[in-house]
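Step one of this worksheet: look at the structure below.
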Amino acid sequence: MIENKTYNILMIAKPEEEVFYLKNYLDKSIIKTKVTSVYSTTDAIKELKKQKYHIIFLDLGKPGETASTKIDQILSFSPSIPTVILSNKTDLPFSISCLERGASDYLIKETLDTFSIYKAIRHNI
């Protein structure tokens, strides 16, 4: 059963890291979405000033010092919007650190499927 509401999703990922393509996991028969993709936190902040989003997916690519900076920039600008971290790294201390910083969820890209994306959207909004 599809919901009538359309969820606005902001996807932040660098073009070279956009191996994970969120739209491939969204089943239109389950949930209506409008996905806007940007390639930097600077572009994301500009987009957040223009439009209301229900949830943010932040693809970290390879976590490191810049990953923490990306997380802090997005969470400090939009603390009320659920932000789901997408990563290839199964680093428990780093994932806990993301959640402690204010991320609403931390998902490992290689384990994702349609159901886990739908669940992340439903549980975090």
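Of the inter-residue distances, the one linking Ile85 atom CD1 with Tyr106 atom OH reads 8.5 Å to the nearest 0.5 angstrom. Note that the CD atom of Glu47 and the CG atom of Asn8 stand 9.5 Å from one another [nearest 0.5 Å]. Considering CG of Leu60 and SG of Cys98, their distance stands at 6.0 Å, rounded to 0.5 Å. In this structure, CE on Met11 lies 11.5 Å from CD1 on Ile56, to the nearest 0.5 angstrom. Put simply, CG on Asp105 and NZ on Lys119 are 8.5 Å apart, with the number rounded to the nearest 0.5 Å. The distance from atom OG of Ser37 to atom CD1 of Ile9, rounded to the nearest 0.5 Å, is 10.0 Å.
At a cut-off of 3.5 Å, with distance as the only test, a side-chain donor of Asp113 or Ser116 sits close to an acceptor on the other residue.
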Between Lys70 and Ile12, does a side chain to side chain contact (heavy atoms under 4.5 Å, CB included) hold up when you go through it step by step?
CA-CA 10 Å; Lys70 289 179 191 179; Ile12 307 165; over 6 Å; no
Apply side chain to side chain contact (heavy atoms under 4.5 Å, CB included) to Leu10 and Val38, showing your working.
CA-CA 8 Å; Leu10 182 61; Val38 296; 4.0 Å; yes
Evaluation steps, side chain to side chain donor-acceptor pair (under 3.5 Å), between Thr36 and Tyr53:
CA-CA 9 Å; Thr36 302; Tyr53 287 90; 3.3 Å; yes
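Of the residues Leu75, Thr83, Ile74, the one that meets the side-chain contact (heavy atoms from CB on, under 4.5 Å) test with Arg101 is Leu75.
Scanning for side-chain hydrogen bond (donor to acceptor under 3.5 Å, both in side chains) contacts around Thr41 gives Gln73, with sequence neighbours left out. The salt bridge (Lys or Arg N to Asp or Glu O under 4.0 Å) search around Lys49 returns none, not counting sequence neighbours. Every side-chain contact (heavy atoms from CB on, under 4.5 Å) that Glu100 has, sequence neighbours left out, goes to Ile96. For Asp91, the side-chain contact (heavy atoms from CB on, under 4.5 Å) partners two or more places apart in sequence, or in a different chain, are Lys89, Pro93, Phe94. Not a single side-chain hydrogen bond (donor to acceptor under 3.5 Å, both in side chains) links Ser76 to another residue, sequence neighbours left out. Applying the side-chain contact (heavy atoms from CB on, under 4.5 Å) rule to Thr90 yields the partners Ile108; only residues at least two apart in sequence or on another chain are considered. Qualifying side-chain contact (heavy atoms from CB on, under 4.5 Å) partners for Lys46, counting only residues two or more places apart in sequence or in other chains: Thr42, Asp43. Every residue two or more places apart in sequence or in another chain that forms a side-chain hydrogen bond (donor to acceptor under 3.5 Å, both in side chains) with Ser104 is listed here: Asn124.
The two atoms that bring Tyr39 and Ala13 nearest to each other are CD2-O, 2.9 Å, heavy atoms only.
Side-chain contact between Phe57 and Ile121 is present, with at least one heavy-atom pair separated by less than 4.5 Å. Using a 4.5 Å heavy-atom threshold, the side chains of Leu107 and Val84 count as touching.
Here Phe115 is tied to no hydrophobic group at all, with no ILVMFWY side chain closer than 4.5 Å.
Residue Glu110 qualifies as open at atom CD: its count of foreign heavy atoms under 6.0 Å is 12 or below.
Identified under the salt bridge (Lys or Arg N to Asp or Glu O under 4.0 Å) test for residues 76-88, with sequence neighbours left out: none.
A donor-acceptor pair under 3.5 Å is absent between the side-chain atoms of His54 and the main chain of Tyr7, judged by distance alone.
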